[in-house]
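This report concerns only the one structure given below.
Just so you know, ligand 1 is whichever comes first in the structure, and atom 1 is the first atom listed for that ligand.
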Amino acid sequence: MEPVQRKQRIFSGIQPTGVLTLGNYIGALRNFKLLEEEYNCVYSIVDLHAITVRQDPTALRKACFTVMSLYLAVGLDPDKSLIYFQSHVPQHAELAWVLNCFTYMGELSRMTQFKDKSQRHADNINAGLFTYPVLMAADILLYQTDLVPVGADQKQHLELARDVAERFNNLYGPVFVVPQPYIPKVGGRVMSLQDPARKMSKSDPEDTYIAMLDAPDVIRKKLRRAVTDSENCIRYDPENKPGVSNLMNILSTLTGMSYDQITLEYGSKGYGGFKNAVAEAVIEELKPIQARFKEYFADKAYLEQVMTASAQRAQAIAGRTMSKVRRRVGLAPTRL
Ligand code: TRP
């Protein structure tokens, strides 16, 4: 008999802060749907990470349900994937504590995101912000994750998760799968509309990003004002023409057109016509998602059903890993 191959597991966490952007959609959410067929996917809304910076409680709660509704609106299937709030599975915090005891201050001080965030939130450099990468390692390792889709900004955190997993395994035997980065096949990085050297980010000013829930007119306006160059030539050249190339990347991922096709089709229409085409493609793509979002967001009973069922299944997997960890570390066994 052929051995049954276990589907590989993918874990991804997304913070429930503010709005999700077109960058989150193209770089992450859109791929999540494709991954669902081939992998066992765990999509956690990482609310405990969110509180490492000050949050308004009402806004945070709303953002949690917004992100969950968006996950469902892009078509993720809660029967296939786990879609739940991190804080509903207590093993995340529990494993984070244990892993804190296997992570060095030196390692955490080298994290560029910590240095960056301590500058931006100089009045609130709390211990949670410092150990943020340990909670992230716990997220990943709890589910015996094989692959983690990460952008460049999270590479260092994934490296740390790997180091901690290997350190723990070397001390106690093979407890954790050591996760690998997953590099998506399509959908390059989406850059800021105003400063195409920077990644599109929801923490930058409004006019630099398109939110997944932006109205069509807002999308048109933001794209019309997107920074380009004075050459008036549509050619893919990220180094010399970062603004135009960014828009070409967006159009290409959403329509499937190649860069050559885009040049051929819009080359003679000037930047105005090209930007309109990008806007219409974005609007077209987001329209059905926004419509489904509205329905899900209004259906609290359904959202609660999804989050509860997923959290229960997540707890079962996470619980198995925690029992192993307890046993190996020497904590007394529990029947609770
Ligand atoms: N730190 C990640 C970010 O800000 C979010 C995150 C938390 C995450 N836990 C994770 C991503 C585990 C991947 C795997 O983007």
Side-chain angles (χ1 to χ4, degrees), residues 8-21 23-29 31-32 35 39-53 55 60 63-64 67-68 70-71 76 81-96 99-100 103 108 111-118 120-121 128-165 176-184 187 189-190 198-204 209 314 317-318 321:
Q8 287 198 306
R9 184 167 283 137
I10 284 205
F11 185 99
S12 179
I14 196 155
Q15 290 205 48
T17 42
V19 284
L20 297 193
T21 69
N24 297 121
Y25 177 66
I26 288 180
L29 263 67
N31 291 321
F32 288 179
L35 296 174
Y39 300 95
N40 278 325
C41 299
V42 184
Y43 297 128
S44 185
I45 298 157
V46 292
D47 47 3
L48 296 175
H49 278 107
I51 60 170
T52 55
V53 300
Q55 302 285 347
L60 176 60
C64 286
V67 172
M68 174 162 286
L70 277 171
Y71 270 3
L76 295 182
S81 303
L82 299 182
I83 305 173
Y84 69 96
F85 299 124
Q86 183 188 33
S87 66
H88 289 187
V89 179
Q91 287 87 353
H92 287 254
E94 197 180 356
L95 182 60
L99 297 182
N100 265 326
T103 309
L108 293 174
M111 295 291 125
T112 55
Q113 196 169 74
F114 171 69
K115 292 190 228 171
D116 201 51
K117 283 194 183 170
S118 350
R120 271 193 287 140
H121 306 277
L129 195 64
F130 190 62
T131 61
Y132 175 115
V134 183
L135 179 58
M136 181 164 159
D139 295 343
I140 297 166
L141 301 181
L142 263 185
Y143 297 91
Q144 307 294 350
T145 301
D146 301 287
L147 294 166
V148 183
V150 280
D153 61 328
Q154 296 297 318
K155 271 240 172 76
Q156 201 185 21
H157 289 165
L158 181 60
E159 258 323 299
L160 180 77
R162 290 170 49 85
D163 290 345
V164 172
F176 297 123
V177 168
V178 180
Q180 308 268 1
Y182 174 85
I183 314 292
R189 230 146 70 106
V190 177
R198 289 168 60 85
K199 185 176 142 178
M200 182 179 279
S201 163
K202 56 197 169 196
S203 25
D204 286 345
Y209 65 81
I317 305 169
T321 301

Could you tell me which atoms of ligand 1, counted from 1 in the order shown, lie closer than 4.0 angstrom to a heavy atom of Q15?
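This gives 4 (O) as the contact atoms.
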Show which atoms of ligand 1 fall inside a sub-4.0 Å distance from at least one heavy-atom site of V148.
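The atoms of ligand 1 under 4.0 Å from a heavy atom of V148 are 13 (C), 14 (C).
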For ligand 1, is any non-hydrogen atom under 4.0 Å from L158's backbone (N, CA, C, O), its side chain (CB onward), both, or neither?
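Contact part for L158 vs ligand 1: neither.
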Compute the shortest N/O to N/O distance between Q154 and ligand 1 and return yes if it is under 3.5 Å, no if not.
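Yes, Q154 has an N/O under 3.5 Å of an N/O on ligand 1.
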Would D139 count as being in polar contact with ligand 1, using the rule that some N or O on each side must be under 3.5 angstrom apart?
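Right, the criterion is met.
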Taking atom types as modelled and ignoring hydrogens, do the side chains of D204 and S201 form a donor-acceptor contact shorter than 3.5 angstrom?
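Their side chains do not contain a donor-acceptor pair, so the 3.5 Å distance test is not met.
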What I want to check is whether the side chains of Q86 and D139 have a donor and an acceptor closer together than 3.5 Å.
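A pair is found: one side chain offers a donor N or O, the other an acceptor, under 3.5 Å apart.
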List the steps, then state whether side-chain hydrogen bond (donor to acceptor under 3.5 Å, both in side chains) holds for N24 with T21.
CA-CA 5 Å; N24 297 121; T21 69; 3.2 Å; yes
In terms of the angle between their ring planes, are F114 and F130 parallel, tilted or perpendicular, with boundaries placed at 30° and 60°?
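Judged by the thresholds at 30° and 60°, the geometry between F114 and F130 is perpendicular.
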Parallel, tilted or perpendicular, as decided by the 30° and 60° cut-offs, for the rings of H157 and Y132
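Y132 and H157: tilted rings.
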Give the C-alpha distance, both sets of side-chain angles, the deciding distance and a yes or no for side-chain hydrogen bond (donor to acceptor under 3.5 Å, both in side chains) between Q156 and T112.
CA-CA 8 Å; Q156 201 185 21; T112 55; 3.2 Å; yes
For atom 12 (C) of ligand 1, which candidate among Y182, Y132, Y143, F11 holds the nearest heavy atom?
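Comparing heavy atoms across Y182, Y132, Y143, F11, the nearest one to atom 12 (C) of ligand 1 lies in F11.
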As a check for students: among P149, G13, S12, identify the option with a heavy atom nearest to atom 8 (C) of ligand 1.
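Comparing heavy atoms across P149, G13, S12, the nearest one to atom 8 (C) of ligand 1 lies in G13.
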Please state which protein non-hydrogen atom is closest to atom 10 (C) of ligand 1 and give its distance, to 0.1 Å?
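The closest heavy atom on the protein side is M136 CG, 3.5 Å.
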